[in-house]
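Worksheet: the structure to be examined is printed underneath.
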Amino acid sequence: LLHEHVSKENLDIEFIAADKVLQKRAKDLGLKTLELNECNKIDLLFDGADYVNLKTGTVLKGNGGFVHPEKQLLELSEYAINLVDYRKLDFESLPKLFLELEPDFIYEFSNEFEYLNFYIRDQKSQSENLIVEIIVDKFEDIAPISEMLKTTEGILVVGLFESGYD
């Protein structure tokens, strides 16, 4: 395990966790941890994804990405590796988009996109915005819908990332 290797080899490595639960777990295992605001560069980032299309390389984030500072971590990282559970590689079985929406724009969003199959999650983003999950009929529709949503007022982030990971 990583914490055993770090201890055995006496490695001087500091870790930044995406959330408080992971940070506590790392500290309990004896790993040195930093807060995100204590760091201006990350050498190597390990992250996960909700779905991946192996043919196109499209990585879909959203379930935790809006709640935890994953986007900030990615922006600070020099190199990023996306670790994905093999069960999440079947992208087409349940294609989804996630977005972060300012609460003041929920009425406009609901009216403009009433034809989409969406719901607002109970959990809010790290910045207290709404997380909206959109279930898309076909994989081919994800990219065009994503592009349309990116230009909509009140939408801060659309959870479809097509690059940034190796």
Could you tell me whether the side chain of [Y] reaches within less than 4.5 Å of the side chain of [X], counting heavy atoms only?
X: Lys124; Y: Ile131; result: no
X: Phe113; Y: Leu149; result: yes
X: Lys24; Y: Asp28; result: yes
X: Leu34; Y: Glu14; result: yes
X: Ile134; Y: Asn117; result: no
X: His5; Y: Lys8; result: no
X: Pro103; Y: Asn129; result: yes
X: Leu99; Y: Val157; result: no

Between Thr33 and Ile16, does the side chain to side chain contact (heavy atoms under 4.5 Å, CB included) criterion hold? Intermediate values first, please. CA-CA 6 Å; Thr33 63; Ile16 299 173; over 6 Å; no

For Val158 against Ser146, the heavy-atom pair lying closest together: CG1-OG, 3.4 Å

Approximate separation, where rounding is to 0.5 Å, of [X] [atom1] and [Y] [atom2]:
X: Leu116; Y: Met148; atom1: CG; atom2: CE; value: 6.0 Å
X: Gln123; Y: Leu130; atom1: CD; atom2: CG; value: 12.0 Å
X: Ser125; Y: Leu156; atom1: OG; atom2: CG; value: 7.5 Å
X: Leu45; Y: Leu76; atom1: CG; atom2: CG; value: 9.5 Å
X: Glu78; Y: Ile42; atom1: CD; atom2: CD1; value: 11.0 Å
X: Ile120; Y: Asp122; atom1: CD1; atom2: CG; value: 10.0 Å

So does Glu153 have more than 12 non-hydrogen atoms from other groups sitting under 6.0 Å from CD? no

If the condition is side chain to side chain contact (heavy atoms under 4.5 Å, CB included), which residues does Asn40 pass it with, not counting sequence neighbours? none

Please determine whether side chain to side chain contact (heavy atoms under 4.5 Å, CB included) holds for the pair Phe15 and Val6, giving the CA-CA distance in whole Å, both sets of side-chain angles, and the decisive distance to 0.1 Å. CA-CA 11 Å; Phe15 296 88; Val6 169; 4.3 Å; yes

Could you tell me whether the side chains of Glu100 and Ser127 share a donor-acceptor contact shorter than 3.5 Å? yes

Salt bridge between Arg121 and Glu133, side-chain N to carboxylate O under 4.0 Å? yes

Checking Lys32 against Ile13 for the side chain to side chain contact (heavy atoms under 4.5 Å, CB included) test, could you report, in this order, the C-alpha distance in whole Å, the side-chain angles of both residues, the deciding distance, and whether it holds? CA-CA 7 Å; Lys32 295 180 204 173; Ile13 299 174; over 6 Å; no

Step-by-step side chain to side chain contact (heavy atoms under 4.5 Å, CB included) determination, Arg25 to Leu29: CA-CA 6 Å; Arg25 183 183 292 165; Leu29 292 171; 4.2 Å; yes

I'd like to know if the side chain of Ser110 reaches the main chain of Ile106, judged simply by a donor and an acceptor atom lying under 3.5 Å from each other, with no hydrogens or angles considered. yes

Polar side-chain atom of Ser7 near backbone of Glu4 as donor-acceptor pair, under 3.5 Å: no

Between Phe105 and Phe109, is the gap from one ring center to the other below 6.0 Å? no

